[in-house]
Every structure is written in structure tokens, then in C-alpha cells.
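Take a look at the structure set out below.
Order of the sequence lines sets the chain letters (A, B, ...), proteins ahead of strands, with each chain counted from 1. Everything numeric here is computed off the predicted structure, so don't read it as measured data.
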Amino acid sequence: MPVALVDCNSFYASCEQVFQPRLQGRAVVVLSNNDGCVVARSREAKALGIKMGEPWFQARRRLQGQAEAVTALSSNYALYADMSNRVMRILGRFSPRQEVYSIDESFLALDGLPGPPAVIGERMRATVLGWTGLPVCVGIGPTKTLAKLANHLAKQHLAWAGVCDLEALEAGEVERLLAPIPVGEVWGVGARLAQRLARLGIDTALDLRRAPPAQVRRHSSVMLERTALELRGIACLDLEMVSPDKQQIRCSRTFGATVSSLAELTEAITSFTSRAAEKLRAQQGEAAAILVEIRSSAFRRDAAPYAASRVVPLAAPTADTRALVAAARAGLNRIYKPGPAYAKAGVILLDLSRAAERQPDLFAEPTADARSQALMATLDQINRRFGRGSLTLANARPAPRWRRREQFRSPRYTTRLDELPVAHC
DNA sequence: TCTGGGGTCCTAGGACCC
DNA sequence: TCTGGGGTCCTAGGACCC
């Protein structure tokens with residue numbers, strides 16, 4: 001049952017390089033929201049020792065003179081999401097069974113397809129590169145966990161030209177490849193588990209593959225037991241071809257500049273709730289509760305950190321921005337205290353369900369629901385057509401102080417007419 | 001000066017019930 | 001001094017992922 005994991009190399013950085021060819025072969029990093037941390041690095045940036053998740057101001061300081069050699073860009077999610085859609089559609093042509101696992105990764109079932117898996121893998125790679133300009137690596141194995149590991153190997157061994165098929169190898173050869181891989185590289189094993197496993201003498205992917213599953217379960221959990229079985233080639237995880245509805249929807253941001261006033265926090269919370277409500281309606285959902293959260297910076301030494309959150313239940317499940325905002329504001333009023341310099345706020349929609357499956361409220365005004373739905377549908381339509389945030393609730397301002405910093409964002413080449421790339425011939 | 005955002009699942013332990 | 005047994009449900013926290 002061969003399954004492939006196709007993963008874009010340095011996805012965000014590669015997207016930037018496609019549209020700015022002068023960046024190819026250079027050290028490029030893409031920064032998180034607010035230009036805070038490094039979230040993607042080109043091969044050359046990795047070679048300079050820049051770490052994933054490292055705060056950019058620290059990396060820059062550490063690199064000193066070399067920092068000039070690095071191009072740092074703010075994240076351009078509109079561009080990445082569009083490029084991701086293109087890659088996923090291309091990969092979908094190769095197999096009827098595809099799981100889009102993340103913005104830059106896809107699992108594909110290869111059984112029943114004509115031709116050797118490795119050859120299909122090579123074609124996938126060549127097609128994605130030719131049609132989008134994005135380099136990908138393909139890992140193939142009998143289980144998802146082994147396909148992930150094969151992908152890791154394909155990225156390491158340049159001579160393999162981006163494709164690694166573990167099923168084509170003898171068992172002894174597979175074990176020889178797994179032996180040097182630290183157990184923390186295995187899908188499902190993070191830093192904490194790796195530490196605990198080290199105490200049991202399990203240091204490598206091969207060690208975990210050989211460990212008795214029952215013992216693994218005793219020392220940890222069923223999840224790790226499944227991982228151990230998958231490493232042996234026993235499939236425990238299915239391909240999930242339809243993505244299930246979200247169980248919670250979150251929208252939170254670190255502010256570009258800290259804020260202290262209730263008025264500004266209210267503005268931010270209103271804006272975040274509106275965005276979350278849009279996502280909720282996109283999956284035809286309703287929320288029965290909303291969590292509001294505000295916090296000061298955890299990194300400041302000069303003041304005690306303050307963080308507070310509150311869950312506010314809704315009178316009835318709803319997807320109406322106005323009802324959700326009212327609840328969020330009520331929650332905010334309960335947790336706000338003057339004084340702290342707030343650095344971050346957010347909301348989470350909870351207890352989600354499908355709108356169509358709700359029991360009607362015995363005491364509700366029968367027409368109110370239909371009117372709310374019509375209004376929200378119109379709001380969403382206008383914002384889809386004219387751009388996010390074109391129509392908002394009355395207290396949102398265009399350029400608030402708390403808005404994120406994005407000093408180095410590239411144009412949205414593929415989704416905005418006025419930002420199309422122009423050829424200079 | 002400057003430290004992301006958005007998800008999932010599992011488990012332990014408390015509350016509550018008979 | 002000595003304080004039952006067994007079950008369900010919910011939540012907080014911890015771990016993981018990209």
C-alpha cells in the first residue's frame with residue numbers, strides 16, 4: 001500500500017524566489033506575523049545557521065556582518081495560499097486519493113496506479129517544478145509515518161534527486177538508513193518525548209521501530225504506540241481525503257505596538273471576532289461559546305506578565321458577527337484591567353456545530369434567524385468581492401495602532417490585479 | 001526597540017452520581 | 001487509629017503538528 005508524502009522545499013521562501021529570480025541561490029528568510037520570528041529559510045539561509053522559529057532580531061545580531069547577505073521578507077499569505085492551491089491541484093491529477101495535510105504537504109495513495117512508485121514520484125516532482133517553479137521532495141513508504149521519514153531522507157540525500165522510495169529497498173537497507181536519524185525527527189515525536197525516550201535508551205528512529213509496542217504504550221501513550229507500529233510498516237493512520245469541520249476557530253494577533261486602553265482592545269477584539277465568524281460561516285458552522293483572551297508580553301523584564309481569558313456562552317448557537325462580537329466584548333469587559341501594556345489578544349470560537357443540524361429555538365422570533373443569515377451572507381459576499389475588511393462593523397478603524405508590522409512584504413503577485421508581476425523586456 | 005498563528009488529540013484528575 | 005466501590009462527564013494541561 002505505497003503512500004507518498006510530497007512536501008515543498010522551504011515553501012514560503014521558494015514562493016518568493018519564484019517571483020523574484022534575483023533571490024534564487026541566495027539566503028532568504030520569511031518572517032512570522034509582525035516580522036517576529038523566522039518561519040521559512042532557503043537552503044542558503046539554513047547553511048548560515050539561522051534556526052527555524054528564531055526571533056529575527058536575534059539572528060540578525062548573531063550574524064553581524066553576514067546579515068547583509070540575507071534577504072528577510074514579511075509573510076505574504078495571500079501569495080502562499082494561492083501557490084499552495086496550484087501545487088495541490090497538480091498533485092491531485094496523479095492520484096484519486098489525496099490528503100492535503102498542510103499548506104505545503106500532501107499525502108497521495110499510490111497503490112493501483114500504473115508504473116513503479118518511484119517513477120510516479122519523479123513525474124510529480126518534475127510537473128510541480130515545471131508548472132509552478134516550486135521544488136518539492138517525494139517520500140514513499142508503506143505507512144504515512146514512513147513516507148514522512150522517506151521525505152526527510154530525500155531532502156538530505158541530494159544525490160537521490162528529491163525522491164526516496166523505502167519500499168524499493170531491502171529491510172536491512174531501510175534499517176541502515178533509519179539508524180542515524182534522531183528519534184525526534186520522527187513524525188509524532190517532539191522534543192519532550194524525545195527526552196523521555198532517551199532515558200529508555202531509544203535515541204533513533206531505528207530504536208523506536210524495534211521497541212516493543214506494548215512497552216512504548218506503557219511508558220507513553222497510544223499515540224506513540226501507533227507511531228512505533230507505523231515505523232514497522234503496520235499502517236495505523238488512514239488517508240483523510242475530506243478535511244473534517246474545524247472544532248474550534250481561532251483568530252489572535254500580536255500587536256505592532258502595545259496598547260493599554262479598553263477602547264483599542266475592543267477594536268482589536270471586534271476585528272478578530274469578525275474574521276473568526278467569517279471562517280465559521282465558510283464551514284456552515286455555528287458557535288455556542290466564544291473565548292476572549294488578552295495578554296501582556298511574556299518577554300518583558302520590567303513588568304509582571306498579565307494574561308487573562310474568559311469563555312462566554314452564547315444564548316443560542318450562532319454565526320452572526322453581531323452576536324459573537326457582543327459576547328466577546330462582554331467577556332473583554334470582565335477581564336480587562338487598566339495598567340498592563342497589552343501585546344496580544346485573540347478569540348476562539350468554541351462548541352461548534354453545523355447550522356443545518358441545529359434544533360430550532362422554541363422562543364426565538366421566527367424571522368430573526370433568516371434575516372441574520374441573509375445579512376451575514378451579503379456581508380461575506382461583499383468582502384469576497386471587494387477584499388477582506390471592505391465592509392465591517394461600525395467601530396473598526398482602517399489603520400489602528402495595534403496593526404501588525406510588515407515592513408518587507410512582497411507584492412501579492414497572483415491574487416491582486418494591481419500587483420501583477422510585470423515583465424521588463 | 002524587536003520574540004507567530006492556528007490547529008488536533010490524549011490523559012489525569014476532580015466533580016458528581018448512586 | 002479506623003473512612004467503599006464503581007461509574008460517567010467535564011476540563012485543564014500537556015503533548016504534538018505545520
[X] side chain to [Y] main-chain N or O, any donor-acceptor pair under 3.5 Å?
{"X": "A:Ser274", "Y": "A:Thr270", "answer": "yes"}
{"X": "A:Ser32", "Y": "A:Val39", "answer": "no"}
{"X": "A:Glu293", "Y": "A:Arg310", "answer": "no"}

For the P atoms, the ones on B:dT3 and on C:dC18, what distance do you get once it is rounded to whole angstrom?
25 Å
With distance as the sole criterion, is a donor-acceptor pair present between the side chains of A:Arg281 and A:Thr321 under 3.5 Å?
yes
Of the nucleotides B:dT3, B:dC9, B:dG4, which has the atom closest to the A:Gln247 side chain?
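Selected nucleotide (nearest to the side chain): B:dC9.
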Could you tell me the separation between the CZ atom of A:Arg275 and the P atom of B:dG5, rounded to a whole number of Å?
14 Å
Please list residues of residues 98-107 of chain A whose heavy atoms come under 4.0 Å from any atom in DNA chain C, ordered by number; otherwise none.
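Output list: A:Tyr101, A:Ser102, A:Asp104, A:Glu105.
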Would you say [N] has OP1 or OP2 under 4.0 Å from some side-chain N or O of [X]?
{"X": "A:Arg253", "N": "B:dG6", "result": "yes"}
{"X": "A:Lys344", "N": "B:dG5", "result": "yes"}
{"X": "A:Gln407", "N": "B:dC2", "result": "no"}

A correct dot-bracket answer for DNA chain B, with pairs being Watson-Crick or G-U at under 3.5 Å, [ ] for crossing pairs and | for inter-strand pairs, is ....||||||||||||||
Could you list, one pair per line, each protein nitrogen or oxygen that sits under 3.5 Å from a nitrogen or oxygen of nucleotides 10-16 of chain B, together with the distance?
unit_1	atom_1	unit_2	atom_2	d
B:dC10	OP1	A:Arg226	NH2	3.2

Before giving the answer on side chain to side chain contact (heavy atoms under 4.5 Å, CB included), spell out for A:Trp160 and A:Cys137 the whole-Å C-alpha distance, their side-chain angles and the decisive distance to 0.1 Å.
CA-CA 10 Å; A:Trp160 299 352; A:Cys137 281; over 6 Å; no
